[in-house]
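Report on the structure given below.
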Protein chains: 2
Amino acid sequence: MPTDKNIDLTISEGHAFAPPKAAKKILDVAYDLFYRRGIRAIGVDEIVKRAGVTKPSLYRSFPSKDELAASYLRQYDLEYWERFDEAVAAHPGDPRAQIKAFLTRIGKRTQVADYRGCGMTNAAVEYPDHSHPARVVSEANKQELRRRLRGMAVAMGAQDPDTLGDGLLLLIEGAYISGQLFGLGGPAQAVARNADLLIEASLKK
Amino acid sequence: MPTDKNIDLTISEGHAFAPPKAAKKILDVAYDLFYRRGIRAIGVDEIVKRAGVTKPSLYRSFPSKDELAASYLRQYDLEYWERFDEAVAAHPGDPRAQIKAFLTRIGKRTQVADYRGCGMTNAAVEYPDHSHPARVVSEANKQELRRRLRGMAVAMGAQDPDTLGDGLLLLIEGAYISGQLFGLGGPAQAVARNADLLIEASLKK
DNA sequence: ATGTATACGTACCGATCGGTAACATTGTCA
DNA sequence: TGACAATGTTACCGATCGGTACGTATACAT
């Protein structure tokens with residue numbers, strides 16, 4: 001359970017004299033550093049230095065580094081489903097096109113130098129302990145992804161929707177990982193094509 | 001560049017010169033700890049303690065912790081291709097059955113509590129820097145995996161072998177990751193089935 | 001002006017990080 | 001027996017780790 005700390009990140013920012021709160025600056029910097037270089041690789045000292053604040057400020061807004069990491073992932077979660085819902089909204093009532101749009105987007109994102117994959121996936125690799133605050137957020141995100149993909153497989157009329165949903169999840173996770181492993185020209189660019197082949201093979205009765 | 005250290009791990013053990021035993025114990029312990037809990041999470045002190053040796057012994061056999069991590073992955077690499085070649089040898093001249101055997105095995109391995117995925121993949125996530133010694137080994141392993149899968153896709157007579165090979169790689173990486181994310185009952189158990197569907201859809205002319 | 005609450009900074013903590021210097025001990029072979 | 005190589009022992013290094021005690025500055029209400 002969170003304390004009453006760090007739950008105020010949604011407010012103001014547009015008020016008359018509202019200088020960017022320390023907590024927001026800290027979270028923004030932590031987001032960037034944790035994602036790009038890994039959570040374990042980044043110390044709190046570097047975060048506060050880059051954020052232009054001091055360490056006690058960090059610990060007034062976040063109870064610990066682990067909880068800051070969890071907050072980073074909660075923010076990541078929000079933006080993740082925003083992107084997902086964009087792909088869904090772009091093709092109302094057409095789950096196959098929704099998947100294709102989402103995967104095409106992922107495939108494109110992987111084709112940049114220094115692509116770092118999915119922050120959720122990476123955090124789970126960094127923290128094998130299931131009770132770690134960051135991992136809890138990560139696992140919840142992935143459970144939700146699985147739930148949605150299976151739902152879309154049902155809507156597509158798949159012969160075995162659970163298998164197709166899981167197959168799509170495997171392809172997605174594979175794209176995240178191989179995107180950061182291979183960089184440009186890697187297998188991740190083929191994720192949408194393979195997903196479409198898999199869907200096609202899973203539909204027909 | 002490695003020095004002339006730590007390149008002697010393949011020899012003797014029964015030979016007249018009964019050489020470094022400390023190095024082997026260290027590497028064995030490091031292998032287990034690095035794989036199960038992550039490289040960054042394990043300090044050299046814990047390694048030497050569990051191995052029943054002292055720190056100078058470690059640094060006599062390995063130039064640095066990073067190089068010890070690389071040695072761990074080189075060992076992992078050896079065993080990885082052993083498992084791969086076993087699946088291949090079990091079905092001579094039948095690449096589709098070889099893939100199926102390999103993936104079935106992966107799917108089964110993922111269905112245990114506290115499954116930790118692929119050591120190569122995990123190391124790459126832990127070390128985004130492409131020049132890190134551990135990552136160099138990891139990337140080479142994955143390049144080789146891609147090469148072999150594409151070759152097998154050719155041998156299967158795929159319409160677009162590169163796409164199929166990459167699709168299989170995505171499924172495999174997805175299984176490694178989702179295996180450790182979801183634990184028992186997760187999507188990774190469906191990896192062989194989905195691969196077979198994908199192959200089927202990629203063959204017919 | 002004064003009290004009060006909140007936000008922030010200086011300086012510091014003990015623990016652990018990866019790594020090393022210097023020396024003692026052991027086992028093996030010549 | 002002597003020489004050598006491998007390992008162990010003890011003590012230490014500077015840097016960084018996550019985290020905190022405590023004093024100070026600012027804002028606002030009375």
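Bear in mind the structure is a predicted one, so any value in this text is a computation, not a measurement. Lettering of chains follows the sequences in order, A, B, ..., and the numbering in each one begins at 1.
The base of D/dG19 lies outside donor-acceptor range of the side chain of A/Arg60, with no N or O pair under 3.5 Å. Judged by distance alone with a 3.5 Å cut-off, no donor-acceptor contact links the side chain of B/Lys65 to the base of C/dG18.
No donor-acceptor contact under 3.5 angstrom links the side chains of A/Lys24 and A/Ser61, judged on distance only. Remark: the B/Glu144 side chain and the B/Tyr80 side chain contain no N/O donor-acceptor pair separated by less than 3.5 Å. For the residue pair A/Gln143 and A/Glu139, no side-chain donor N or O sits within less than 3.5 Å of a side-chain acceptor on the partner. Between the side chains of B/Ser138 and B/Arg135, no donor-acceptor pair of N or O atoms lies under 3.5 Å.
Salt-bridge annotation for A/Arg37 and A/Glu46: present, with a side-chain N of the basic residue lying under 4.0 Å from a carboxylate O of the acidic one.
We find that CD1 of A/Ile47 is positioned 13 Å from C1' of D/dG19, with the value rounded to whole Å. Put simply, CD on A/Glu46 is 8 Å from P on D/dC17, counting in whole angstrom units. To the nearest angstrom, C1' of C/dT20 lies 18 Å from CZ of B/Phe62. Distance, B/Glu67 CD to C/dG18 P: 15 Å, rounded to whole Å. Taking atom CG on A/Asp45 and atom C1' on D/dG18, their separation rounds to 8 Å, with Å as the unit. Per the geometry, NZ belonging to A/Lys55 stands 17 Å off P belonging to D/dC22, to the nearest Å. If you measure from atom CG of B/Leu58 to atom P of C/dC17, you get 13 Å, rounded to the nearest angstrom.
Residue B/Ile26 is classed as having no contact, given no heavy-atom separation below 4.0 Å to the nucleic acid. Residue B/Ile42 is in sugar-phosphate contact alone, with no base atom involved, counting any heavy-atom pair closer than 4.0 Å across all strands shown.
The side chain of A/Tyr59 places no N or O atom within less than 4.0 Å of a non-bridging phosphate oxygen (OP1 or OP2) of D/dT20. Side-chain nitrogen and oxygen atoms of B/Thr54 include none within less than 4.0 Å of the OP1 or OP2 phosphate oxygen of D/dT9.
Nearest-nucleotide mapping onto DNA chain D: of A/Pro56 and A/Arg40, the residue sitting toward the 5' end is A/Arg40.
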